[in-house]
Amino acid sequence: MAFSLGPRAASAGYRLAVFDRIGSTNTEALVRARTGETGPIWLVTAEQTAGRGRRQRSWISPQGNLASSVLEVIDTSPAVAATLSFAAGLALEAALQAVSLEARMRSPVSEKVTFHLKWPNDVLAGGRKLAGILLEAEMVAHDRLAVVVGIGTNVVAAPEGMPYPAVALRDLGIDIGAEDLFRALSEAWAEFRAIWDMGRGFGEIRRLWLDRAAGVGQQVSVQSGPSTVSGLFDTIDKNGCLIVATSDGTRVAVSAGDVHFGTAASIGAT
């Protein structure tokens, strides 16, 4: 099966660039934006060799996993654009629900899998990392903002030797192809991107995201550089910051960091 857009994505004006193998779909999207590409366009590959996650961590996507990026050049501030990552999380969770349902219909013995969104940009299955999202933005011609949302999902294989447990859809008994997942993702992105509506709909995105969030009300530790904030995961605010209720009664807004829940929270990030 070849990669293709879903009908809703196509009708919304999205285009598609497919690569057999590429270093990074995010890098390619930014290069195109600098040379005049305005999108909206998806870039997707069957194999990514030099992908990256947050804080320049590597994200290698072997043959069979899904590496994809969507580029849009929009008129908004970087702060508002940053909240688009929450819409991306919702789109990916919806796509995963759709393909897992199809897989269960084909194989009734397979069990239902619940997916959760981990602040700021991961998708978990059974507490293990299934997917990651990386949003990058830079100003281009005419003072417009090029926003690239990279979405990487472990479809057939999960990385080993990482500082966190990871899992692939195949490990969960969800036997689908990256092409199936991408088609569902392009459809869901069109839906949640429309709800987000240049940030005007972030209130609804925030509500939906919290309904699917991992760890709300639980003990959490957030490490950002040398500093760590610990307490209870209260909510996310109107800017997408994580609100931690500390033991002394204060509520601390955290804009970036590595989140650890439960017993890991008392150990700290690695």
Side-chain angles (χ1 to χ4, degrees), residues 1-12 14-26 28-29 40-51 53 58-71 88-117 121-126 128-134 148-160 162 165-193:
M1 178 186 291
F3 286 105
S4 63
L5 295 166
R8 179 169 184 169
S11 65
Y14 285 87
R15 292 174 286 121
L16 177 62
V18 179
F19 305 87
D20 291 332
R21 189 172 187 263
I22 196 173
S24 164
T25 54
N26 262 37
E28 175 66 19
I41 184 170
W42 278 99
L43 299 90
V44 62
T45 184
E47 183 179 2
Q48 180 170 259
T49 60
S58 64
W59 183 279
I60 305 302
S61 183
Q63 186 76 31
N65 281 1
L66 177 62
S68 58
S69 299
V70 59
L71 164 67
L90 287 168
L92 181 54
E93 189 269 346
L96 289 166
Q97 292 286 6
V99 297
S100 64
L101 176 60
E102 292 175 5
R104 290 202 312 277
M105 290 175 66
R106 291 194 300 267
S107 178
V109 297
S110 62
E111 297 182 1
K112 181 179 180 180
V113 178
T114 300
F115 305 100
H116 289 100
L117 303 177
N121 55 12
D122 292 341
V123 178
L124 307 180
R128 293 176 289 176
K129 183 170 179 175
L130 176 66
I133 297 167
L134 175 65
V148 178
V149 183
I151 302 174
T153 309
N154 302 326
V155 177
V156 299
E160 299 179 353
M162 306 300 288
V167 69
L169 289 174
R170 181 170 291 177
D171 300 327
L172 301 168
I174 302 172
D175 190 14
I176 57 99
E179 298 88 351
D180 300 308
L181 178 57
F182 174 72
R183 184 178 173 86
L185 174 60
S186 70
E187 286 290 273
W189 171 266
E191 175 185 356
F192 288 102
R193 166 65 174 82

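Positions are given from 1 along the sequence.
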Looking only at heavy atoms, what is the nearest atom pair of [X] and [Y], with distance?
{"X": "Ser69", "Y": "Gly150", "result": "OG-CA, 3.7 Å"}
{"X": "Ala9", "Y": "Ser186", "result": "CB-O, 3.5 Å"}
{"X": "Ile174", "Y": "Ala103", "result": "CG2-CB, 3.9 Å"}
{"X": "Ile176", "Y": "Arg106", "result": "CG2-NH2, 3.3 Å"}
{"X": "Ala125", "Y": "Val113", "result": "CB-CG1, 4.2 Å"}
{"X": "Asn65", "Y": "Ala157", "result": "ND2-O, 2.9 Å"}

Between [X] and [Y] (side chain of the first, backbone of the second, donor and acceptor by atom type, cut-off under 3.5 Å), is there such a pair?
{"X": "Glu47", "Y": "Asp20", "value": "no"}
{"X": "Glu187", "Y": "Arg8", "value": "yes"}
{"X": "Thr45", "Y": "Ala67", "value": "no"}
{"X": "Asn154", "Y": "Val167", "value": "yes"}

Report yes if some heavy atom in the side chain of [X] is under 4.5 Å from a heavy atom in the side chain of [Y]; otherwise report no.
{"X": "Arg193", "Y": "Tyr14", "result": "yes"}
{"X": "Pro165", "Y": "Lys129", "result": "no"}
{"X": "Thr49", "Y": "Ile22", "result": "no"}
{"X": "Arg183", "Y": "Phe3", "result": "no"}
{"X": "Ile133", "Y": "Val149", "result": "yes"}
{"X": "Trp42", "Y": "Leu185", "result": "yes"}
{"X": "Leu134", "Y": "Asn26", "result": "yes"}
{"X": "Val156", "Y": "Leu169", "result": "no"}

Chi angles and distances behind the side-chain contact (heavy atoms from CB on, under 4.5 Å) call for Phe19, Leu43: CA-CA 8 Å; Phe19 305 87; Leu43 299 90; 3.9 Å; yes
Quick one: pull up [atom1] in [X] and [atom2] in [Y] and give me the separation to the nearest 0.5 Å.
{"X": "Arg15", "Y": "Leu71", "atom1": "CZ", "atom2": "CG", "answer": "8.5 Å"}
{"X": "Arg21", "Y": "Gln48", "atom1": "CZ", "atom2": "CD", "answer": "11.0 Å"}
{"X": "Ser100", "Y": "Lys112", "atom1": "OG", "atom2": "NZ", "answer": "8.5 Å"}

Verdict with supporting geometry, Val70 and Ile41, side-chain contact (heavy atoms from CB on, under 4.5 Å): CA-CA 6 Å; Val70 59; Ile41 184 170; over 6 Å; no
Derivation of the side-chain contact (heavy atoms from CB on, under 4.5 Å) call for Leu16 and Phe182: CA-CA 11 Å; Leu16 177 62; Phe182 174 72; 3.7 Å; yes
Check against side-chain contact (heavy atoms from CB on, under 4.5 Å), Glu179 and Ser4: CA-CA 7 Å; Glu179 298 88 351; Ser4 63; over 6 Å; no
With Val155, the side-chain contact (heavy atoms from CB on, under 4.5 Å) member among Leu130, Asp175, Leu181, Val99: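 The side-chain contact (heavy atoms from CB on, under 4.5 Å) with Val155 is passed solely by Leu181 among Leu130, Asp175, Leu181, Val99.
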